[in-house]
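In what follows, every chain begins at residue 1, and chains take the letters A, B, ... in the order their sequences are listed.
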Protein chains: 2
Amino acid sequence: MTSARSRKSGRAGDDRAERGIPEATVARLPVYLRALTSLSDGDVATASSADLATAAGVNSAKLRKDLSYLGTYGTRGVGYDVNYLRYQIAREIGLTQDWSVVIVGIGNLGRALANYSGFASRGFRLAALLDSDGARVGEVIGDLKVSAVEDLEAVVRDNAVAIGVIATPAEAAQDVCDQLVSAGVSSILNFAPAVLVVPDHVDVRKVDLSIELQILAYHEQRKAQELGALEAGAV
Amino acid sequence: MTSARSRKSGRAGDDRAERGIPEATVARLPVYLRALTSLSDGDVATASSADLATAAGVNSAKLRKDLSYLGTYGTRGVGYDVNYLRYQIAREIGLTQDWSVVIVGIGNLGRALANYSGFASRGFRLAALLDSDGARVGEVIGDLKVSAVEDLEAVVRDNAVAIGVIATPAEAAQDVCDQLVSAGVSSILNFAPAVLVVPDHVDVRKVDLSIELQILAYHEQRKAQELGALEAGAV
DNA sequence: AGAAGTTTGTGAACGAGAGAACAAAATCGT
DNA sequence: ACGATTTTGTTCTCTCGTTCACAAACTTCT
């Protein structure tokens, strides 16, 4: 991803956190957060790394090492205080503040995303829904009205939008992306099956149904082949 | 993922392909495939690794190494025959055969997925849409009617379904997953925000909007902090 | 208080992936 | 026919990520 391996630590003497969590760890923090929330809802006050690891579906050593990048929030012989750790992870991820999000492209998928309740619940606020199709502009989804994509720049400016979600057809994706970037959005979640080109300071993550299915198909085929070879060997 | 590092090569003397493509490469093959398809549609007959790499958004050395795992399909001094390579990748992934897919959970997201045209186009056939809510059973989406989740086993058996898509709420995910597995599905694409526990022979891939947003938020926050430190330093 | 039992945090070994660099193999021009 | 040019396939090195294993630190029991 966007390398950011500069400045070891902001000010001198501030090396307990040593800014710079490995990407693989960052990707797992939200999973830990979810596991912690679920434990907390079940009124569990304390959990060991082994408990957390099973709840998150990972190896306990990995979990401990991941958490150690944030600081030393556990107690030896005891485990982790669920609510305290939950807060620390949330803070590290940046969920103690709210993030404004726009969705561009209100087709089937965009509509589903707009209705997704998990948005607001976890520190993400839908600032606007945009579409280039005049027929869709004005449609009301949830508590938002679909706006014209021409309003993009104003919406981003007025709501301090940092994250843009692209749910357009592939052909429109790069164009929308360019508009988002030039309006000042620096994080993009791309659902369109297209490769996006962006400046260095912009982060892009992609979600691609068809790629996921193809990866599964590869493994599925491989399993079938192996089975075939096994049977052939048995003859 | 599910390790499958057994048997070096099926039969003796069959070591050109040397079964066992790195996972990271497998995840990129669909991207290459898409790039090739788009070149092919533009009537490009031949492409160099550099051309393909830019179209796929990767480094050309990486692309060449990835392709070398499949065999030697290029010609030095020339490049790759677009259609030939496309076929080879499709074959390797397993797209020369059709895969039957079921979607379980026909809420907003499930409906959007069911309407997604990219399904059929690329070797994936929707065998059924299932939901546990009686009110949704019978609803017609595209050219399919929503069935009751009780029909799962029969549908999987009759259509040789290998891939299941879970688009239910988190609470129902593990239960649906267990049903899929016991019906014989061995690849699962999970859209529910839940950790699934499955036997070793089953592959699971997850797609999680909220995790993706949180990862973006982390980086976004980090960028903001860095900027802050910079300004503070300038004072 | 001290021994026994737990559980974290981390050093070290190992494995997988990325990228640079270059020899081998093809085409093209003369 | 042969040298110049292009572009692949692959080796080597480096970085990143995972896992093991264990000392340090805490609790509990006697």
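In summary, the aromatic rings of B:Tyr84 and B:Tyr73 are positioned with their centroids under 6.0 Å apart.
For D:dT8, the OP1/OP2 oxygens have a side-chain nitrogen or oxygen of B:Ser49 closer than 4.0 Å. Residue B:Asn59 places no side-chain N or O under 4.0 Å from the OP1 or OP2 atom of C:dG17. The phosphate of D:dG9 has OP1 or OP2 within less than 4.0 Å of a side-chain N or O from B:Tyr80. Taking side-chain N and O atoms only, A:Arg28 has a distance below 4.0 Å to OP1 or OP2 of D:dT18.
Rounding to whole angstrom units, NZ of residue A:Lys65 and P of C:dG11 are separated by 8 Å. Atom-to-atom, CD of A:Glu23 to P of D:dG17 comes out at 8 Å; the value is rounded to the nearest Å. To the nearest angstrom, C1' of C:dT10 lies 13 Å from CG of A:Leu67. Atom CZ in B:Arg64 sits about 17 Å away from atom P in C:dA26, given to the nearest Å. Rounding to whole angstrom units, CG of residue B:Leu52 and P of D:dT7 are separated by 12 Å. The nearest whole Å value for the distance from the NZ atom in B:Lys62 to the C1' atom in D:dT10 is 17 Å. Atom-to-atom, CG of A:Leu63 to P of C:dG9 comes out at 10 Å; the value is rounded to the nearest Å. Per the geometry, CG belonging to B:Leu85 stands 14 Å off C1' belonging to D:dG9, to the nearest Å.
Both A:Thr25 and B:Gly77 lie near DNA chain D, and the one whose nearest nucleotide falls closer to the 5' end is B:Gly77. Along DNA chain D, the nucleotide nearest A:Ala24 and the nucleotide nearest A:Ala61 are compared for position; the residue whose nucleotide lies closer to the 5' end is A:Ala24.
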Worked check of salt bridge (Lys or Arg N to Asp or Glu O under 4.0 Å) between A:Asp203 and B:Lys223:
CA-CA 10 Å; A:Asp203 279 305; B:Lys223 286 182 234 168; 3.3 Å; yes
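Considering only heavy atoms from C-beta on, B:Val161 stays 4.5 Å or farther from B:Trp99 through its side chain.
Judged by distance alone, with hydrogens and angles left aside, A:Arg76 brings a side-chain donor or acceptor within reach of the base of C:dT8, the pair sitting under 3.5 Å.
The existence of a salt bridge linking A:Asp66 and A:Arg28 is confirmed by a sub-4.0 Å separation between a basic side-chain nitrogen and an acidic carboxylate oxygen.
The structure places OG of A:Ser187 at 8.0 Å from NE2 of B:His219, a figure rounded to the nearest 0.5 Å.
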